[in-house]
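Accompanying notes for the structure given below.
When reading the values below, keep in mind they use all heavy atoms of this one structure, side chains included, and skip hydrogens, waters and symmetry mates. Computed from a predicted model, the values in this text were never measured in an experiment.
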Amino acid sequence: MKINLPDKVYVDFTAFSGEITFADRIPPPRMPRGTYAANLYPCEHTREPEGYVLHPGDVIGTARNPDESTGDGCCGPSGIDGPNLICAGCGTPVAAEQADCWGQNQVVMDFAATRRSFSED
C-alpha cells in the first residue's frame, strides 16, 4: 500500500483574528487519526527521524523525556535532538514528538524501540 504524505503543511495566519498564540502557529497534524506511515526517507531540512509517523493523539503509553537536552523549539516540541517521548512503563526513549511552528505536527516512533499493535479503542 502506498501512502502519499504532504511535503509541507501551510498555515494561513491571515485567517486568525486578534492575538496569535503559540497554538495558532502549530500546523495541523500530518497524519489523520487512526493512520500511520513508515517514514523511510526523512527530510534532512527539518531533521525529522526515521520511524512510524502517527497522529499525536494516537500515541498512548508515553511520557515526556526528563532529559532536557531533547528540548523544545520556540512554539512546541521539535524532536530534532533525539527522542523526547519515553515509554511510560520502562523509561526507554521511543519517539520524537514534533509540534513546532517550523515543522510537521507528528509523532515519529523509533522503528527499533516500538512494535505495531492495534486496539479497539
Next on the checklist: Within the structure provided, determine whether Ile26 and Trp102 are in side-chain contact (heavy-atom separation under 4.5 Å).
Outcome noted: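 Side chain of Ile26 against side chain of Trp102, heavy atoms only: no contact under 4.5 Å found.
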
Next on the checklist: When you compare the side chain of Leu54 with that of Gln106, does any pair of heavy atoms fall below 4.5 Å?
Outcome noted: no

Checklist entry - Pairs in or reaching into residues 95-105: which pass salt bridge (Lys or Arg N to Asp or Glu O under 4.0 Å), with residues at least two apart or in two chains? => result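 Sorted result for residues 95-105: Arg64-Glu97.
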
Checklist entry - Tell me the salt bridge (Lys or Arg N to Asp or Glu O under 4.0 Å) pairs involving residues 82-96, sequence neighbours left out? => result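 Found none.
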
Checklist entry - Please walk me through it: do Leu40 and Phe111 pass side-chain contact (heavy atoms from CB on, under 4.5 Å)? => result CA-CA 10 Å; Leu40 301 174; Phe111 285 133; 3.7 Å; yes

Closest contact, heavy atoms only, [X] versus [Y]:
| X | Y | value |
| --- | --- | --- |
| Ala95 | Met109 | CB-SD, 3.4 Å |
| Gly103 | Pro27 | O-CG, 3.2 Å |
| Ala96 | Gly82 | CB-O, 4.4 Å |
| Tyr36 | Met31 | C-CE, 3.6 Å |

Answer yes or no: is there a donor N or O on one side and an acceptor on the other, between the side chain of [X] and the main chain of [Y], under 3.5 Å?
| X | Y | value |
| --- | --- | --- |
| Arg33 | Gly57 | yes |
| Gln98 | Ser78 | yes |
| Thr114 | Asp110 | yes |

Checklist entry - With Pro56, which residues qualify under side chain to side chain contact (heavy atoms under 4.5 Å, CB included), at least two apart? => result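 In terms of side chain to side chain contact (heavy atoms under 4.5 Å, CB included), with neighbours along the sequence ignored, Pro56 is linked to Pro29, Asn105, Val107.
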
Checklist outcome for this item: Residues passing the side chain to side chain contact (heavy atoms under 4.5 Å, CB included) test with Asn65, sequence neighbours excluded, are Asp67, Thr70, Ile86

Checklist entry - Under the side-chain contact (heavy atoms from CB on, under 4.5 Å) criterion, do Thr35 and His55 qualify, and how do the steps go? => result CA-CA 7 Å; Thr35 65; His55 185 286; over 6 Å; no

